[in-house]
Amino acid sequence: MNAANRDGEDLGARHPDGLWVGRADPSDWAALADIDSVAAAGDTARRDSVRRWCAEETVLVARDASEPLGYAVLEYGFFEQGFVTMLMVAPGARRRGVGARLLAAVEAACATEKLFTSTNASNHPMQLLLRRSGWLPAGLLHGLDEGDPELFYRSTGVRPRAGTGPGA
C-alpha cells in the first residue's frame, strides 16, 4: 500500500535514483527488524515495536529495487502533533540520502501542522541530518537516558492544512 501526502499525491513513486518511499505493509516487519541495528542485535522489545508499528500502519519504508534501506515511524501521541518516533537506516545504506528522503516523506505525510522528533545528544549523525534537512531545535530533556540528554527538533517542512489531523 502506498502512502499519500496531505494533497493526495502518491509517496510511493520511484525516484530517479531508484529509491522508493511508501507505506510499509504489516508483513514488512521482519525485514525492517533485520535492518534495525538494535533489533538485529537481539533486542526483542525493539523487534516487538517494529512489528506493532507495521501492524498500526505508522511506518514509511525506503527501498531500492531489492530490499528495504530504512524506515521512519510517524505517530500522533506527542500533544496530538506528528512525531517521528523512530528513523532507522540500514548500516550499509547510511550517508546515501536515505534518511533525508524518509524525513521528507514523513513531512509530506504528516496530518498535523507541527511535526517533532528527538534524538540523544550523543547521536551526532542524526543531529546533522536534522539540521541539514531544515529541522530546528525545540528543547532539551534530561533523565530519559542517564548522562545523555534528549534533544527535540521541530520540522520546518510541514505546511498546515485545515481539516486534517487527528480528530478532524
Side-chain angles (χ1 to χ4, degrees), residues 1-9 11-12 21-26 28-29 32-33 35-39 43 45-62 68-90 94 97-146 148-168:
M1 171 168 49
N2 292 341
N5 69 11
R6 293 178 310 277
D7 298 319
E9 297 172 25
L11 296 177
V21 178
R23 185 84 50 198
D25 186 87
D28 289 330
W29 80 267
L32 296 180
I35 66 164
D36 184 306
S37 55
V38 175
D43 187 315
R46 175 63 71 82
R47 288 183 68 80
D48 291 344
S49 292
V50 173
R51 182 180 323 175
R52 178 177 46 81
W53 292 326
C54 286
E56 293 171 352
E57 298 184 352
T58 60
V59 179
L60 292 174
V61 60
L69 301 176
Y71 71 93
V73 179
L74 174 59
E75 298 181 299
Y76 295 95
F78 185 72
F79 299 96
E80 296 188 14
Q81 298 299 317
F83 193 87
V84 181
T85 305
M86 177 63 58
L87 186 130
M88 178 63 66
V89 176
R94 293 179 182 164
V98 175
R101 290 282 299 286
L102 282 165
L103 284 176
V106 168
E107 289 174 334
C110 185
T112 58
E113 67 180 74
K114 295 178 184 174
L115 176 62
F116 297 90
T117 195
S118 69
T119 189
N120 289 99
S122 63
N123 190 342
H124 300 289
M126 181 64 170
Q127 293 173 53
L128 181 60
L129 170 64
L130 291 167
R131 284 194 305 272
R132 286 183 176 168
S133 298
W135 290 59
L136 300 175
L140 172 71
L141 178 66
H142 291 275
L144 287 177
D145 293 324
E146 196 58 42
D148 195 4
E150 196 77 6
L151 304 174
F152 285 78
Y153 289 83
R154 181 179 54 84
S155 169
T156 59
V158 174
R159 301 292 175 247
R161 282 180 34 112
T164 64

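The structure displayed is predicted, hence computed values, not measured ones. Sequential numbering from 1 along the given sequence is applied to the chain's residues.
- With hydrogens and angles left out, the side-chain atoms of S118 and E150 include a donor and acceptor closer than 3.5 Å.
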Could you pull out all donor-acceptor pairs under 3.5 Å where a side-chain atom in residues 46-55 meets a protein atom, sequence neighbours excluded?
unit_1 : atom_1 : unit_2 : atom_2 : d
R46    : NH1    : D36    : OD1    : 2.8
R46    : NH1    : D36    : OD2    : 2.8
S49    : OG     : A45    : O      : 3.1

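- In this structure the side chain of V73 reaches within 4.5 angstrom of the side chain of V59, judged on heavy atoms.
- Within 6.0 Å of the CZ atom in R131, the count of heavy atoms belonging to other residues, nucleotides or ligands exceeds 12.
- Heavy atoms only, all atoms of each residue included: G99 and L87 are closest at O-CD1, 4.0 Å.
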query = So L140 and L151, side-chain contact (heavy atoms from CB on, under 4.5 Å) or not? Walk me through it.
reply = CA-CA 5 Å; L140 172 71; L151 304 174; 3.3 Å; yes
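- A search for side-chain hydrogen bond (donor to acceptor under 3.5 Å, both in side chains) contacts involving S155 returns E107, not counting sequence neighbours.
- In this structure, Y153 has no ring pair (Phe, Tyr, Trp, His ring centres under 6.0 Å) partners at least two apart in sequence or on a different chain.
- D148 places no side-chain N or O within 3.5 Å of a backbone atom of N120 that could act as its donor or acceptor partner.
- Applying the side-chain hydrogen bond (donor to acceptor under 3.5 Å, both in side chains) criterion to N123, with sequence neighbours excluded, gives T119.
- Within the 4.5 Å cutoff, the side chain of T156 has heavy atoms near those of the L136 side chain.
- Nearest approach of S122 to Q127, heavy atoms of both residues: N-NE2, 4.3 Å.
- With sequence neighbours excluded, the residues forming a side chain to side chain contact (heavy atoms under 4.5 Å, CB included) with P26 are E57, listed by chain and number.
- Residues L69 and I35 have side chains not in contact (no heavy-atom distance under 4.5 Å, counting atoms from C-beta outward).
- Residues meeting the side-chain hydrogen bond (donor to acceptor under 3.5 Å, both in side chains) test with S37, sequence neighbours left out: none.
- The two residues G82 and T112 have their closest heavy-atom pair at N-OG1, 2.8 Å.
- Evaluation of the side-chain hydrogen bond (donor to acceptor under 3.5 Å, both in side chains) rule for S133 yields no partner, not counting sequence neighbours.
- Checked by atom type and distance alone, the side chain of Q81 pairs as donor or acceptor with a backbone atom of K114 at under 3.5 Å.
- Between Y76 and C110, the shortest heavy-atom contact is OH-CA, 3.5 Å.
- Remark: M86 CE to L102 CG distance equals 12.5 Å, nearest 0.5 Å.
- With a 4.5 Å cut-off on side-chain heavy atoms, W135 and L115 count as touching.
- Looking at heavy atoms from C-beta onward, T117 lies out of side-chain contact with V106 at the 4.5 angstrom threshold.
- No side-chain donor-acceptor contact under 3.5 Å links Y71 to the backbone of A24.
- In this structure, A109 and L60 approach most closely via the heavy-atom pair CB-CD1, 4.2 Å.
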